[in-house]
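On a predicted model such as this, the values are computed, not experimentally measured, just so you know. Start at 1 and go down the list; that is how both ligands and their atoms are numbered.
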Amino acid sequence: MTDFISFPTDFTWGVASSAYQVEGAWNEDGKGPSIWDTFSHHPGKTYHGDTGDVAIDHYHRWKEDIQVMKSLGLKTYRFSISWSRILPDGLPSHINQQGLDFYNRLVDELLANSIQPLPTLFHYDLPQALQDQGGFSLRETACRFGDYAGIVARKLGDRVSKWLTINEPMVFAANGHLSGEHAPGLKDIQVAISVVHYQLLGHGLAVQAIRSAAGCPISVGIALNLTSIVPASSSQEDLEAARIIDCMQNRATLDPIFLGKYPDDLMGLVGLLLPPMEQGDLKIISTPIDFLGINYYSRAVIKSEPGVPFIELAPIRPQGSSYSQMWEIYPRGIYDLLIRLHCDYHPPQILVTENGMPVADDLDFDVKVRDVRGIQYMQDHLIQVRNAIDAGVPVTGYLVWSLMDNFEWAFGYRMRFGLVYVDLDNLQRVVKMSGEWYRRVISGNGFSPKTFYIEPDL
Ligand code: FCB
């Protein structure tokens, strides 16, 4: 008999999504365009030219979708609010009431079904009008984000007790402004670095604005894409390469938020490219938060690679590991990361705001989706989360990315991360085997580990 892995009684189980990836209705009811509308409409930017124009039509099917959540027994639903649905041109002078009403109804319906709403205020989809002025490379955009946060919190703060400001500021900066794979599609290191700083400033301003607007005790955090970094060998060069990536991917956001300063080695690398800082910026950025959200998918194994411009390093794919369509599968990494965060930064609470894997699944003849690799992935990561809790890390919950298959940015609809399959022809929802498994985990507050998937021995 295998031991039952149980979780603390107040542990929250949920799922995550984001506005552009699920809502559709890109130009309905007064919504202004976002940079993702512009980017995806540009030929060649996404797989197959896919767009989020309709996405999975959550904007119209939200009630039905909440019933799916209820059937799974979810305790928390993390979604994001589309800034340009609320403020079509990004500015507080023009509020689109229909946009606010949508999220207002969504929150009421979630609560009526005993699901805690967890909104993220910014998940990559900046209003195009703000991008036209320079987007998050400007200080003004950080201030506009603070205004927007206050407007939303004044409307929903009487019922929403937990908030996330920004999703993955590093990914937004790097993929959108350095590699150009994401909106707005820029390739400019100086802009990318400004975008990191001003998002963090916007985060701090938003924490303050949400707290003062809510009018009741609330909990505010940020969702960071963090990972455990491993050198490819014990050579001095690889150790150095791993330190640089840790600095850029983890400490560049953690240090200013928790320690009120940028890491010295980051300043050495890119300090000259930072935008002019004003006195008080770092104090605002380090406004204490109530919890840290972590999005964990994989580790990064790094080796020195002198040919690579500027950073002189590269990630490698370790042999013998198993992989999803996107990344190495490395459950132990979430344990290492949680322990490290607890020791180095002591966040009061940690919530796993995203974890999951894409599975190339489809409906079988009996209209079932047997995505056993996805179950194995969640189970193996949850065991590591449980181990971290045992070691004293205050992990308060786990949210699967994602509730339903959806628009996976530049990959379009090719990657299926959902617990619920979405038929892209008719948008019908079918709970996958992983969804059924998750339902049982939630109702039992744990599981007995099983082997769902063994890598074929070729
Ligand atoms: C994260 C994003 C989320 C989704 C998952 C797979 O980095 O926050 O929107 O794309 O990856």
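Protein heavy atom closest to atom 3 (C) of ligand 1, with residue, atom name and distance, is Glu354 OE1, 3.5 Å. The protein heavy-atom contact nearest to atom 5 (C) of ligand 1 is Tyr297 OH, 3.3 Å.
Using a 4.0 Å cut-off between charged side-chain N and carboxylate O, Asp57 and Arg61 make a salt bridge. The existence of a salt bridge linking Asp290 and Arg211 is confirmed by a sub-4.0 Å separation between a basic side-chain nitrogen and an acidic carboxylate oxygen. Classification of Asp362 and Lys432 as a salt-bridged pair fails, no side-chain N sitting under 4.0 Å from a carboxylate O. Ion pairing of Arg85 with Glu28 is absent here, as no side-chain N (NZ or NE/NH1/NH2) approaches a carboxylate O to less than 4.0 Å.
The aromatic rings of His182 and Tyr124 sit tilted, their planes meeting at an angle between 30° and 60°.
Residue-level proximity to ligand 1 for Asn225 is absent, since no heavy atom of it falls below 4.0 angstrom. By the criterion of a heavy-atom distance under 4.0 Å, neither the backbone nor the side chain of Met415 is placed next to ligand 1.
Counting non-hydrogen atoms of other residues, nucleotides and ligands closer than 6.0 Å to NE2 of His42 gives a total of 12 or fewer.
Distances shorter than 4.0 angstrom occur between a heavy atom of His123 and an atom of ligand 1. Residue-ligand proximity: Asn167 is placed with a non-hydrogen atom under 4.0 Å from ligand 1.
Considering backbone and side-chain atoms together, Glu408 places an N or O closer than 3.5 Å to an N or O of ligand 1.
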